[in-house]
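Bear in mind that the values here come from a model prediction, so they are computed numbers and not experimental data. One-based numbering, in listed order, for ligands and for the atoms of each.
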Amino acid sequence: MSVPLTFSPEVAAARAQGAPIVALESTIITHGMPYPQNLDTARRVEDTVRAGGATPATIAVLDGALHVGLTPAALETLAQARDVAKLSRADLAVCMATGGTGATTVAATMIAAHLAGIAVFATGGIGGVHRGSEDSFDISADLQELAQTPVTVVAAGAKAILDLPKTLEVLETNGVPVIAVGHDALPAFWSRDAGLAAPLRLDTPAEIAAAHRMRGTLGLPGGQLVANPIPQDAEIPAETLAPLIEQAEAEARVAGITGKAVTPHLLARLFELTEGRTLTANIALVLNNAALAAEIAREIVNQTPK
Ligand code: PSU
Ligand code: MN
């Protein structure tokens, strides 16, 4: 049985030509940003990929079908939908088998991208090891996915709401290269510098593409995490955010919020506590990542012998 993927006309055309494609996730649309900024951002991210010479493929499950590339109408419907499921590796098959609708996280988007032969994926920030994980065991399935699925994920580092040193340790244990772009420090989503050294540094899309291809040549499973610092004029310094993150975390603990609800809850609370500054920064960094991902996707196509 072949894998049931539904391609948008734009993505189908790019595949037929062997043109560069960039996968995009949909949880950031349904659970990461409020309407209407989510729809506006999703469209601008797609346009940024196109302006960079690649084709955007936003991924989601609609009525049981795994879509790779959404039509403008489907994107709009998803951005306005309520109670959409948040799909990670564990949930994807159940949602499809039961005709459900759901947004894909980094993990589920990587699975779909790989099935569709897409090498590069742009997002905001990956999930990771949550603070207090020694008690909650809350470690995002995104980390396991990076260990096993060969897709290069461009993010602005890991979200500052996470335990970043532990997140780096888990990635290292699982053989995932964490590559900061043009920068020695690990970027922390809303801030350019997490106060930690990045394990690896590369300075050009061509080098990142070559490293992606070399992993394939070596037969190594898993992808790469490309940590692209937020543009300077959009960043919120880590010191400004630290006390607000502590507050949001403490409130979530008291309210008994656990599991998949944690990340969306913290993002929404930080939006309130910063009067929208985290959202403005989030939009800027996603656009920045989409532009870099398009360049990497083009390099991979250029470097691959015909
Ligand atoms: N990046 C954002 N906002 C988000 C996410 C990423 O800017 O909402 C989503 C991604 O889909 C990521 C998920 O995979 O949060 C992680 O969720 P969890 O910690 O439950 O694994
Ligand atoms: Mn989690």
Sub-2.8 Å protein N, O or S atoms surrounding the Mn ion (ligand 2):
Asp138 OD1
Within-cut-off N or O pair, Val106 and ligand 1, under 3.5 Å
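Among all N and O atoms of Val106, at least one is under 3.5 Å from an N or O of ligand 1.
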Protein heavy-atom partner closest to [atom] - residue, atom, separation in Å:
atom	value
atom 17 (O) of ligand 1	Lys86 NZ, 3.2 Å
atom 11 (O) of ligand 1	Glu25 OE1, 2.6 Å
atom 21 (O) of ligand 1	Ser140 OG, 2.7 Å
atom 5 (C) of ligand 1	Lys159 NZ, 3.4 Å

Identify, by atom number and element, the atoms of ligand 1 in contact range of [X], meaning under 4.0 Å from any of its heavy atoms.
X	answer
Leu267	3 (N), 4 (C), 8 (O)
Asn282	7 (O)
Gly32	8 (O)
Ile28	2 (C), 3 (N), 7 (O)
His130	19 (O)
Phe189	7 (O)

Compare Gly125, Ala158, Gly124, Pro264 and give the one whose heavy atom is closest to atom 6 (C) of ligand 1.
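Nearest option to atom 6 (C) of ligand 1, by heavy atoms: Gly125.
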Is it true that Met33 lies under 4.0 Å from ligand 1, counting heavy atoms only?
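It does not; every heavy atom stays at 4.0 Å or beyond.
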Is Asp142 in contact with ligand 1, taking contact as a heavy-atom separation below 4.0 Å?
yes
Could you tell me whether Thr263 approaches ligand 1 through its side chain, its backbone, both or neither, with non-hydrogen atoms closer than 4.0 Å?
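Side chain only.
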Which pair of heavy atoms, one from Leu266 and one from Ala252, lies closest together, and at what distance?
CD2-CB, 4.2 Å
Taking every non-hydrogen atom, the tightest pair across Ala74 and Leu62:
CB-CD1, 3.9 Å
Candidates Thr109, Asp91, Thr58 - the one meeting side-chain hydrogen bond (donor to acceptor under 3.5 Å, both in side chains) with Thr104:
Thr109
